[in-house]
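Working notes, structure below.
Because only heavy atoms are used, hydrogens play no part in the values below, and waters and symmetry mates are left out as well, while side chains stay in.
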Amino acid sequence: MALKIIDHGSEEYQLMVKLRDDILRKPLGLTFTPEELEKEKENMLIAAFEEEQILGCCMLVEEPPSGIRLRQMAVLNDLQGKGIGRALMNFAENLARDRGFKAVTMHARKNAVGFYEKMGYRVTSDEFTEVNIPHYVMEKKLF
């Protein structure tokens, strides 16, 4: 498995958008808007590949003045629980740390909180609704 930063607009990026659409959006009856995808040019786009097949992805979004947020974490359904998400998280955290960030935050879906807790994140908010489903803000300090 190869973990890498991918370029916005590339063929790999198109695979990433399709994966996120299939895993995160379609089940909720949602799609990406061109405006949403255009904003991603500024983000660090991270993906896991096995040869030409995308296995999982996430992105890091800088949030001024000094924060960074993990977004759009997705792993192919039949590969969940096989360590791909953990590898993506470690890669993303190392990138954030290398760029001088002290913590990573996220809006985690309620059904994924247990996974993130195992990765060292903690819930820092009350439950709230985003994309029509329950979420929590979670954070992990990077040392």
Side-chain angles (χ1 to χ4, degrees), residues 1-25 27-28 30-77 79-143:
M1 176 176 61
L3 295 164
K4 56 186 170 179
I5 298 172
I6 60 175
D7 294 325
H8 188 275
S10 67
E11 285 184 33
E12 291 171 328
Y13 175 72
Q14 298 309 319
L15 293 173
M16 179 184 188
V17 171
K18 181 180 181 335
L19 175 69
R20 291 165 36 217
D21 193 46
D22 290 346
I23 303 292
L24 301 174
R25 294 294 172 108
L28 302 176
L30 302 172
T31 58
F32 290 107
T33 66
E35 296 78 21
E36 284 177 296
L37 297 177
E38 182 66 22
K39 285 184 197 170
E40 293 179 359
K41 282 184 175 177
E42 308 302 316
N43 302 340
M44 285 178 263
L45 308 168
I46 301 163
F49 285 90
E50 191 67 55
E51 296 178 19
E52 302 300 313
Q53 183 188 13
I54 190 166
L55 309 177
C57 62
C58 64
M59 65 176 68
L60 289 171
V61 181
E62 289 191 42
E63 295 189 325
S66 62
I68 196 157
R69 183 159 67 111
L70 182 92
R71 294 192 67 240
Q72 296 287 298
M73 177 77 172
V75 173
L76 286 171
N77 285 327
L79 296 178
Q80 291 178 8
K82 307 259 191 259
I84 295 164
R86 178 176 297 279
L88 283 163
M89 295 292 296
N90 288 331
F91 188 85
E93 290 168 9
N94 286 333
L95 274 175
R97 192 179 294 109
D98 290 348
R99 287 175 162 83
F101 293 95
K102 305 292 184 218
V104 174
T105 63
M106 71 177 75
H107 293 179
R109 292 181 178 200
K110 185 176 183 176
N111 65 354
V113 166
F115 166 75
Y116 294 119
E117 286 176 334
K118 288 179 193 164
M119 294 293 301
Y121 287 77
R122 63 182 181 84
V123 172
T124 60
S125 75
D126 291 332
E127 184 178 304
F128 62 96
T129 300
E130 190 171 81
V131 294
N132 303 320
I133 57 173
H135 282 72
Y136 292 92
V137 174
M138 297 188 79
E139 180 182 63
K140 180 179 181 178
K141 304 284 187 207
L142 302 175
F143 299 105

- Message: Ignoring hydrogens, what is the shortest heavy-atom contact between Cys58 and Leu70? Give both atom names and the distance.
- Response: SG-CD1, 3.8 Å

- Query: Side chains of Arg20 and Cys57: closer than 4.5 Å at any heavy-atom pair?
  - Reply: yes

- Between Pro27 and Asp22, what is the shortest heavy-atom contact and its length? CD-O, 3.3 Å

- On a heavy-atom basis, the closest approach of Val123 and Tyr136 is CG1-CD2, 3.7 Å

- Message: Checking Lys41 against Glu38 for the salt bridge (charged side-chain N to carboxylate O under 4.0 Å, His left out) test, could you report, in this order, the C-alpha distance in whole Å, the side-chain angles of both residues, the deciding distance, and whether it holds?
- Response: CA-CA 6 Å; Lys41 282 184 175 177; Glu38 182 66 22; 2.9 Å; yes

- Query: Hey, are the side chains of Thr129 and His135 touching, using non-hydrogen atoms and a 4.5 Å cut-off?
  - Reply: no

- Message: In the structure I gave you, are the side-chain heavy atoms of Met89 and Met106 within less than 4.5 Å of one another anywhere?
- Response: yes

- Heavy-atom distance under 4.5 Å between the side chains of Lys140 and Tyr116, does that happen here? no

- Query: Does the Gln80 side chain pair with the main chain of Val75, one donor and one acceptor, at a distance under 3.5 Å?
  - Reply: yes

- Would you call Glu12 and Lys4 a salt bridge, using N to O less than 4.0 angstrom? yes

- Message: Just to verify, what does Tyr13 make a ring-ring contact (aromatic ring centres under 6.0 Å, His included) with, not counting sequence neighbours?
- Response: His8

- Output yes when a side-chain donor or acceptor of Arg109 lies under 3.5 Å from a complementary backbone atom of Leu24, and no otherwise. yes

- Query: Under 4.5 Å between any side-chain heavy atoms of Thr105 and Glu139, yes or no?
  - Reply: yes

- Message: With a 6.0 Å cut-off (strictly less than), is the heavy-atom count around CG of Asp98, excluding the residue itself, greater than 12?
- Response: yes

- Task: State, yes or no, whether a side-chain contact exists between Val113 and Tyr121 at a heavy-atom distance under 4.5 Å.
- Result: no

- Between the main-chain N or O of Thr33 and the side-chain N or O of Glu36, is there a donor-acceptor pair closer than 3.5 Å? yes

- Task: Decide side-chain contact (heavy atoms from CB on, under 4.5 Å) for Glu62 and Glu42; before the verdict, give the C-alpha distance in whole Å, the side-chain angles of both, and the deciding distance to 0.1 Å.
- Result: CA-CA 8 Å; Glu62 289 191 42; Glu42 308 302 316; over 6 Å; no

- Note on the structure: Correct closest heavy-atom pair for Leu142 and Ala96 would be CD1-CB, 3.8 Å

- Message: Within the structure provided, determine whether Asn90 and Met119 are in side-chain contact (heavy-atom separation under 4.5 Å).
- Response: yes

- Message: Could you tell me if the side chain of Phe49 sits less than 4.5 Å from the side chain of Leu15, heavy atoms only?
- Response: yes

